[in-house]
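Along the sequence shown, the residues carry numbers beginning at 1. Because only heavy atoms are used, hydrogens play no part in the values below, and waters and symmetry mates are left out as well, while side chains stay in.
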Amino acid sequence: MSNAYDFLKDCNFYYLLTFDGYYPAGRPISGILEADGIMYFGTRTDKAVYKQLTQNPRVGLIAFNKGRWLRLQADAEETHDTSIREQYLSRLPAEIRRFGTADNPLLAVFALHIVKADLHAGENSEDITEEEK
């Protein structure tokens with residue numbers, strides 16, 4: 001498992017940053033999956049975040065826990081892979097209640113193709129980008 005995923009698992013929530021036109025938009029999220037070395041998150045196709053991701057797939061993710069924080073930059077790519085969608089739902093029970101099955105048209109699952117990842121602890125910063133790819 002990746003260092004970023006391990007860190008995120010221990011957080012109650014983190015912030016996903018997208019672009020709303022020319023301005024950043026952020027929202028807390030809490031469900032993430034790692035499968036085959038790639039992290040995935042889900043949303044609803046009827047939410048603003050989905051529209052933002054389809055217009056500009058560049059995202060940021062920021063998390064803070066126990067005096068350390070993670071800053072991640074990635075390209076988000078929607079996946080229609082039924083296996084990944086099923087894994088996402090099965091590992092996140094709250095999402096099963098929201099969507100029911102992997103073929104629900106309201107479910108959108110995105111892969112995070114990491115461009116840059118940094119773990120910070122006080123004055124120290126560690127570039128973990130290569131560990132995440």
Closest heavy-atom contact between Ser30 and Asn12? CB-O, 3.3 Å
I'd like to check Gln73 versus Val59 (side-chain heavy atoms, cut-off strictly below 4.5 Å). Are they in contact? no
Excluding sequence neighbours, so at least two apart, what forms side chain to side chain donor-acceptor pair (under 3.5 Å) with Arg27? Thr18, Gln52
Please check if the side chain of Asn65 supplies one atom and the backbone of Asp10 the other of a donor-acceptor pair under 3.5 Å. yes
NZ/Lys66 to CZ/Phe7 distance, rounded to the nearest 0.5 angstrom? 9.0 Å
Minimal heavy-atom distance between Phe41 and Gly31, with the atoms involved, is CB-O, 3.8 Å
If you measure from CD1 on Ile29 to CG on Leu61, what distance do you get to the nearest 0.5 Å? 5.5 Å
Under 4.5 Å between any side-chain heavy atoms of Glu34 and Lys9, yes or no? no
Should we say atom CG of Asp36 is surrounded by more than 12 heavy atoms from elsewhere, each under 6.0 Å from it? no
Pairwise distance OG1(Thr43) to CZ(Arg98) - rounded to 0.5 angstrom: 6.5 Å
Shared hydrophobic cluster, Phe110 / Phe19 (ILVMFWY, side-chain heavy atoms < 4.5 Å): no
Treating Thr82 as the side-chain partner and Ala102 as the backbone partner, does any N or O pair qualify as donor plus acceptor under 3.5 Å? no
Tell me whether Phe13 at atom CZ has more than 12 heavy atoms from other residues, nucleotides or ligands lying less than 6.0 Å away. no
Could you see if Trp69 belongs to whatever hydrophobic cluster contains Tyr14? Use Ile, Leu, Val, Met, Phe, Trp, Tyr and a side-chain cutoff under 4.5 Å. no
Kindly say whether Asn104 contributes a backbone atom to a donor-acceptor pair with the side chain of Arg85 at under 3.5 angstrom? yes
Hydrophobic cluster (4.5 angstrom, side-chain heavy atoms) - remaining members for Phe99: Leu33, Ile38, Tyr40, Ile84, Tyr88, Leu89, Leu92, Ile96, Leu106, Leu107, Val109
What pairs with Thr101 under side chain to side chain donor-acceptor pair (under 3.5 Å), at least two apart in sequence or on another chain? Asp103
May I ask you to test the Leu8-Met39 pair for a side-chain heavy-atom distance under 4.5 Å? yes
Under a single-linkage definition using a 4.5 Å side-chain heavy-atom cutoff for Ile, Leu, Val, Met, Phe, Trp and Tyr, are Leu119 and Leu17 assigned to the same hydrophobic cluster? no
